[in-house]
Amino acid sequence: MSPSKLDSTDSFGHEEASVSCSKPENGCVDSLSIFHSEKAVEELLQQTPVAGMDEHLIEFSEALRTVAKALRRAAEGKASAQAEAAEWKRRYELERTRNIQMERKVSGNNNCEMLQHWWIRSSLDNAMDMLRIMLPCLFFWEVGKEQNKRIAEARMAEQFSAEKNGDIDCERVKNSDNQSMLQNESNEYSETGCMKHGIWSHEVLRDRESDSNSNADRNKIMRKASFKLSWWCNGENGDQHKHDIVSFERGNITTAERSSKQISLKWESDPQTVLILTKPNSVSVRILCVQMVRWLRERKKLNVYVEPRVKVELVAESSNFSYVQTWKDDSEISHLHMKVDLVITLGGDGTVLWAASMFKGPVPPIVPFSLGSLGFMTPFHSEHFKDCLDSVLRGPISITLRHRLLCRVVRDAAKNEYETEEPFLVLNEVTIDRGISSYLTNLECYCDNSFVTCVQGDGLILSTTSGSTAYSLAAGGSMVHPQVPGILFTPICPHSLSFRPLILPEHVTVRIMVPFNSRSPAWASFDGKDRKLLAAGDALLCSMAPWPVPTACQVDSTNDFLRSIHDGLHWNLRKTQSFDGPRDRDL
């Protein structure tokens with residue numbers, strides 16, 4: 001062999017020794033060794049080929065390329081294995097939490113079984129002793145009940161005779177009625193709402209004016225106006241007045257025709273308090289607000305609530321607006337739904353979103369006046385506000401129940417899915433995007449623990465049907481009637497031509513998770529505000545909230561929806577085909 005070949009062979013032997021990497025103890029390839037090995041392979045391939053290089057050296061260089069590819073695949077596999085291990089760890093923690101809860105329930109059931117066995121093992125003598133104690137008590141209770149019955153009959157006879165003679169004691173009857181009324185009121189208000197993270201979990205829709213400084217105000221109770229919701233139909237024989245009926249007769253499942261879902265609101269007592277919310281920095285809105293507040297107070301004798309900013313503007317214009325009420329801090333805002341019977345918005349759809357965000361629980365009926373640009377949710381015109389409010393206050397009116405999404409952020413460090421941050425209620429949509437990052441968003445999507453897909457693109461939109469004409473529509477989603485209960489699943493510029501939008505049922509819970517192998521974090525925004533960073537391992541849970549937003553309709557929900565997409569979007573607007581021209585011949 002020639003010296004040149006020997007030198008080249010030796011050089012390749014040294015390179016081969018530098019390329020070879022030792023296998024770590026855990027079976028995974030070290031990233032540093034992969035870097036050095038790939039660098040060595042590149043240097044080797046860039047060397048000038050020696051004259052007389054034979055086929056063995058060419059095969060050896062190809063083998064080195066194969067080794068470099070294998071090392072690169074091993075590094076990618078390691079990252080994927082780490083992400084999968086983290087996911088299994090999270091599932092293990094969830095399963096462990098469920099097992100602990102089940103053990104607690106089982107221990108409680110065991111205690112009940114022990115008590116039951118103890119009772120069975122107790123002797124007949126103990127049972128007889130208990131009967132000897134209970135029988136006298138029951139006897140005296142029956143005797144007392146009979147005596148009370150006789151006393152009540154005697155009093156009724158006395159009252160009847162006194163009424164017949166014209167000598168009834170009106171003051172005594174009045175006092176007894178007042179005492180019973182106050183007792184009923186105290187029982188009603190004993191059920192108070194409890195809040196967690198600012199979201200109401202249980203509420204009794206009654207209220208009173210609470211002022212602990214005066215006994216007179218303590219006895220003066222102001223109740224909210226009550227109303228009743230019912231299905232609406234065109235006349236008694238209308239075809240729309242049908243119910244959802246499922247029949248299982250003789251083993252066959254059949255369904256009747258669906259109800260129209262047109263909901264009517266009828267006041268059972270007159271409204272007493274109105275809240276007015278306005279769009280800021282608008283002269284026309286300010287002028288209309290002054291006229292409306294004066295008309296509601298002087299003509300309708302209603303209590304008027306406004307925002308603190310609006311009250312300052314009203315008082316600055318005239319001192320006669322001192323009767324207008326407002327709130328001082330956020331704690332009073334959380335109890336507004338217990339005082340307000342009706343909400344009036346002066347602005348566009350953004351003002352309606354702001355009104356809905358103020359109520360973390362039940363929402364009073366909203367009457368939205370159109371003073372914005374598009375106005376998909378504002379069917380009433382400000383020029384005829386007196387006639388509109390007269391009709392609403394008199395009732396009945398058609399309303400649209402607009403569903404909201406309840407969104408919760410679960411961090412990777414959380415022990416279970418119940419350990420969340422402050423939840424958000426959205427009326428339009430929640431958006432998960434890549435923010436300022438230049439990388440694609442990588443999101444894993446689950447629907448009731450069933451894997452849906454992995455989103456790779458600019459982001460994802462989870463929208464309500466009311467928000468179907470907003471961001472979701474611009475991203476390629478469908479327009480959906482607001483009365484349809486569902487969650488719109490719309491990708492934003494997906495990196496796949498086959499990724500089309502979905503509409504999921506209302507009862508599911510959607511979980512959006514940022515995987516550990518994601519190149520960048522994601523950002524979540526709720527109705528266009530309150531942005532939250534979602535790091536690797538964090539998740540966003542979205543489900544249908546139990547408190548819809550009732551908005552008043554000018555005609556009904558279907559008519560208002562179709563008119564809004566015709567007027568606001570000019571949907572399917574084109575010139576009609578000319579009548580003149582060629583026609584099909586009669587066959």
Side-chain angles (χ1 to χ4, degrees), residues 83 86-87 90 196-199 350 353-354 356-357 360 403-414 416-449 451-468 470-477 486-495 499 501-504 506 508-545:
E87 176 65 18
R90 187 186 64 81
K196 182 179 181 181
H197 296 304
I199 301 294
L353 293 176
W354 167 245
S357 66
K360 305 302 182 182
H403 300 278
R404 292 190 289 180
L405 292 179
L406 178 63
C407 305
R408 298 170 294 165
V409 177
V410 182
R411 298 299 179 184
D412 179 46
N416 51 58
E417 293 185 353
Y418 302 102
E419 186 177 338
T420 63
E421 297 182 357
E422 180 181 359
F424 297 91
L425 288 171
V426 297
L427 180 57
N428 265 1
E429 74 278 315
V430 53
T431 305
I432 306 99
D433 56 64
R434 58 190 176 94
I436 61 175
S437 176
S438 59
Y439 295 104
L440 291 177
T441 301
N442 191 4
L443 303 172
E444 292 181 357
C445 306
Y446 299 86
C447 179
D448 283 344
N449 296 324
F451 179 73
V452 179
T453 187
C454 183
V455 177
Q456 296 184 82
D458 283 352
L460 177 68
I461 300 172
L462 295 178
S463 170
T464 64
T465 51
S466 294
S468 64
Y471 196 1
S472 176
L473 179 63
I487 302 175
L488 276 69
F489 187 92
T490 307
I492 306 174
C493 297
H495 201 258
F499 196 168
L502 296 176
I503 300 178
L504 302 174
E506 61 172 337
V508 301
T509 298
V510 181
R511 179 163 60 92
I512 310 299
M513 180 180 175
V514 181
F516 288 94
N517 59 351
S518 178
R519 293 188 177 184
S520 63
W523 289 86
S525 59
F526 308 90
D527 276 341
K529 56 185 180 181
D530 299 324
R531 288 179 66 82
K532 289 285 185 179
L533 176 67
L534 300 179
D538 295 344
L540 178 67
L541 301 180
C542 295
S543 59
M544 196 69 72

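In this chain, residues are counted from 1 in sequence order. These figures come from a predicted structure and were not determined experimentally.
In terms of heavy atoms, Arg408 sits closest to Pro423 at CG-CB, 3.8 Å. Of all the heavy atoms in Gly486 and Met544, the pair that sits closest is O-CE, 3.6 Å. Across all their heavy atoms, Leu443 and Ala522 have their closest contact at CD2-CB, 4.2 Å. Closest heavy-atom contact between Ala536 and Asp412: O-CB, 4.1 Å. The two residues Tyr439 and Ser520 have their closest heavy-atom pair at CB-OG, 4.0 Å.
Side-chain contact between Leu440 and Arg434 is absent, with no heavy-atom pair separated by less than 4.5 Å. Counting only heavy atoms from C-beta outward, the side chains of Lys529 and Trp354 approach each other to under 4.5 Å. Residues Leu488 and Thr465 have side chains in contact (heavy-atom distance under 4.5 Å, counting atoms from C-beta outward). A heavy-atom distance below 4.5 Å is found between the side chains of Cys407 and Val426. In this structure the side chain of Val455 reaches within 4.5 angstrom of the side chain of Cys445, judged on heavy atoms.
The structure places CG of Leu533 at 7.5 Å from CG of Asp538, a figure rounded to the nearest 0.5 Å. For the atom pair Ile461 CD1 and Ser468 OG, the distance stands at 11.5 Å (nearest 0.5 Å). One finds the CG atom of Asn428 at 5.5 Å from the OG1 atom of Thr464 (value rounded to the nearest 0.5 Å). With rounding to the nearest 0.5 angstrom, the CG atom of Asp527 is 9.5 Å from the CZ atom of Arg404. Rounding to the nearest 0.5 Å gives a distance of 12.5 Å between CE of Met513 and CG of Leu540. Considering CG of Leu460 and OG1 of Thr441, their distance stands at 9.5 Å, rounded to 0.5 Å.
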Working for side chain to side chain contact (heavy atoms under 4.5 Å, CB included), residues Leu462 and Phe489
CA-CA 5 Å; Leu462 295 178; Phe489 187 92; 3.6 Å; yes
Between Thr490 and Tyr471, does a side chain to side chain contact (heavy atoms under 4.5 Å, CB included) hold up when you go through it step by step?
CA-CA 9 Å; Thr490 307; Tyr471 196 1; over 6 Å; no
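Ionic pairing of Asp433 and Arg531 is present here: one or more N-O contacts between side-chain nitrogen and carboxylate oxygen are shorter than 4.0 angstrom.
Ser463 and Ser472 share no donor-acceptor pair across their side chains, judged by distance under 3.5 Å alone.
Relative ring orientation between Phe424 and Phe526 is described as parallel, the plane-to-plane angle staying below 30° on a 0-90° scale split at 30° and 60°.
Side-chain N or O atoms of Asp448 include one that pairs as donor or acceptor with a backbone N or O of Thr509 at under 3.5 Å.
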